2 protein chains.
Amino acid sequence: MRQQVAKLAGVSEATVSRVLNGVGPVKEETKQRVLAAAAELGYVPSALAQRFARKKSGNLGVVLPYMAKVSLFSTYYFSEMLGGIGSEAQARGNDLLLLFRETDQPRDYTALFQSQKVDALIILGARDMPLDRQSFEELAREGYPFCVLNQRYGERGEVPPFPTIDADHWSGSREAVRHLIDIGCKQIAFINGPADYSNSTDRRDGYLSIMEQSGLPVQERLMLTGNYSRKSGYELAPHLADLIASGQADAIFAANDRMAIGAMQGLRERGLEAGRDYALCGYDDADAARMACPQLTSVAVPFHEMGRAAAEQLLAGEGEERAAALSSELPVRLIVRESTGQYKPQS
Amino acid sequence: MRQQVAKLAGVSEATVSRVLNGVGPVKEETKQRVLAAAAELGYVPSALAQRFARKKSGNLGVVLPYMAKVSLFSTYYFSEMLGGIGSEAQARGNDLLLLFRETDQPRDYTALFQSQKVDALIILGARDMPLDRQSFEELAREGYPFCVLNQRYGERGEVPPFPTIDADHWSGSREAVRHLIDIGCKQIAFINGPADYSNSTDRRDGYLSIMEQSGLPVQERLMLTGNYSRKSGYELAPHLADLIASGQADAIFAANDRMAIGAMQGLRERGLEAGRDYALCGYDDADAARMACPQLTSVAVPFHEMGRAAAEQLLAGEGEERAAALSSELPVRLIVRESTGQYKPQS
DNA sequence: ATGATTAATGTACACGCGTACATTTTGTCA
DNA sequence: TGACAAAATGTACGCGTGTACATTAATCAT
């Protein structure tokens, strides 16, 4: 096929290749002839052969947990990140390879590189567990380019053991709780997610930090745990209702919007309304926050930008600076809506 | 690398290839020697070279509209389908190649095949527009394996001009409206989406069909149009509020959950509550339906199964039957919840 | 024991590109 | 005009597989 183009243009195959790749010195007139011939014959180079010859797959792999039935994660979360990754990858001429990982059944990431299926890897929905950590350490040891999103390893502030792009959930949590305190709440219940997400521990630390800083006592019975699903928030409602009804809680800060909405629904069944009987703040600012009944005060996380930044960092060419490692913790922003906006605790 | 394995196992490279691919007769003992040698050396075949040699990319392409800022589509919709496609592709050893298409800027689908980037293609979020149609007709003409999801071309009941997998939205719409009629509603407003989705026209036809069948007059002023976004539903609220307040409407059927929720929110601002002052039914049964304030009656669409079926159909090997074309219209199911369940119109 | 059949393995090469290197053409300066 | 550098193009080959075909080893029926 390329041969036919070469013949039609009256040049060698090598020149065809040079023209199509814009490499090496080529006479303008020759270039036009080749281009015309290629168009004439409808020649499209085989990406398979190109990649094989270049020894580059041209693929950016994206690993995401496969949520069979229950979706613990918000689809918002992933589609935002995917969008960011996709736009950057596309701009740089890379394709996106989607890799589902069954939960607790981690894929062999190194094999993805060894088989040259991907040139770089972005991992979503990772947790801080021995198995995950081990995989990532191996990747780092072998020097493969990869990046874990929205998850931190190692202590906050320290230089991470491998590339990650996270958001500043500690500050986000502080801002959320500070807002609750600002509007007069004093007994703030906290629904966190599983501790094997740094997301969860960071939010807990932020909560504890601002509570202490504000001179409010931290009470064990106000610290609850769900699994980031709506249902888990819903199931905590009976307990929360007791706390609120007995005056032991006047606000709820949930580690994500889905749990916040679940709790809200459960509390409504018990006659308690967010924004009236208690203040409620979620996290993530998913579209669900705007769909909720009293619209949800929440913390907006730049998922899209996180994805974009990760892709940029991984696909950055030779010429570009690798200044990414610094800003690997992106800022978040509190969005105040009805679920806290109209609430006034009866001090 | 493969050479080293061959040497270590004391065989030729061809035998290594045979063992690893399980092809041709190989003595058991030889097989074990080769496997041991491969494991010993940590040999992983290059997918790049394999695909090049086999002239198969091993990729199933998935085209989805890139929603820059506004997300007209529910992420639920796409992530469900993606999940279905992914599980089936993974089971068959294919990779998923994600291809974003900027709205109104269609990619050259044939080039994807010509460049051998994909072996088959699934298209999500397509519309019935000249540009889309043209692309698909070309694909069909060239004989490339592809499938359009949740969109129909040609008349209902006719054999489609190219492979599609759709759900029976005509019946879904009928069921939804029939339910509204069953609970006593007589003046049912209908918020539809843009007419260039067969989804929309099918729902409209279903609406008209059941209204007529039930002897209810169809009134122009009750037929509204949004663009499937929450906002578009919200913006119709003033008009809807007038209709309801003046007794000209007692129910709303929205073509998706997001518009339903938008309308519900707008109506709430005007003192009208779904399930109390009017009945409300959405469509899609997205997770948002369960998060909404009165939980939303909706029509569940088997997005996951649609994706799975499409992938199955496209990746079906030689041995398997190609019995898919028949059942290209999957059934949907009405899910009754609070937004209609408790409503009793004052007849 | 011998030929015929089949199993097991080896040899050789194509796949379609990119590119190092060799070669030819063009341009420049004296 | 000739010598030389630079630009333009051609030639040749490697990339790592899969596999058609050739070859050798094993099995079996007679």
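Below, chains carry the letters A, B, ... as their sequence lines are ordered, and counting in each starts from 1. In this text the structure is predicted, and so the values were computed from the model without any measurement.
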Point to revise | Nucleic acid footprint by protein, nucleotides 13-21 of chain C - heavy-atom cut-off 4.0 Å, B for base, S for sugar-phosphate alone | key: --BBBBB--
Review point. From B:Tyr109 OH over to B:Gln134 CD, what is the distance, rounded to the nearest 0.5 angstrom?
Key: 12.0 Å
Review point. Can you list the steps and then say if A:Arg141 with A:Glu138 is a salt bridge (Lys or Arg N to Asp or Glu O under 4.0 Å)?
Key: CA-CA 5 Å; A:Arg141 198 180 324 122; A:Glu138 186 179 356; 5.3 Å; no
**Study point:** Value rounded to 0.5 Å, distance of CG in A:Leu124 from CG in A:Leu99
**Key:** 10.5 Å
Study note, to complete from the structure: The bend of the helix from C:dA1-D:dT30 to C:dA30-D:dT1, taken between the axes of its five terminal pairs at each end and rounded to 10°, is 30°
Review point. Between B:Arg51 and A:Lys117, is any pair of side-chain heavy atoms under 4.5 Å apart?
Key: yes
Practice item. Look only at the side chain of A:Tyr197 and the backbone of A:Arg152, and say whether a donor-acceptor pair between them is shorter than 3.5 Å. Key: no
Review point. To the nearest Å, how far apart are B:Gln32 CD and C:dA8 P?
Key: 14 Å
Review point. Using a cut-off of less than 4.0 Å, is there contact between a side-chain N or O of B:Thr30 and OP1 or OP2 of C:dT9?
Key: yes
Check your understanding: Mind checking whether A:Val5 and A:Val11 have side chains closer than 4.5 Å, heavy atoms only?
Key -> no
Point to revise | For atom NZ of B:Lys56 and atom P of D:dT19, their distance in whole Å | key: 12 Å
Review point. What's the CG-C1' distance between A:Leu48 and D:dG18, to the nearest Å?
Key: 13 Å
Review point. Should B:Ser115 and A:Gln50 count as side-chain neighbours, where that means a heavy-atom distance under 4.5 Å?
Key: no
**Study point:** Plane angle bin for A:Tyr77 and A:Phe303 - parallel if under 30°, tilted between 30 and 60°, otherwise perpendicular
**Key:** tilted
Exercise for review: Using a strict cut-off of less than 4.0 Å between a Lys/Arg side-chain nitrogen and an Asp/Glu carboxylate oxygen, indicate whether B:Arg54 and B:Asp119 qualify as a salt bridge.
Suggested key: no
Review point. Tell me: CD of B:Glu28 to P of C:dT9, nearest whole Å?
Key: 11 Å
Check your understanding: Quick check: does any side chain N or O of B:Gln151 sit under 3.5 Å from a backbone N or O of B:Ser198, one acting as donor and the other as acceptor?
Key -> yes
Study note, to complete from the structure: Under a 4.0 Å heavy-atom criterion, the protein footprint on nucleotides 23-28 of chain C, written with B, S and -, is ------
Review point. Got B:Val62 and B:Ile123 here, is their nearest side-chain heavy-atom distance under 4.5 Å?
Key: no
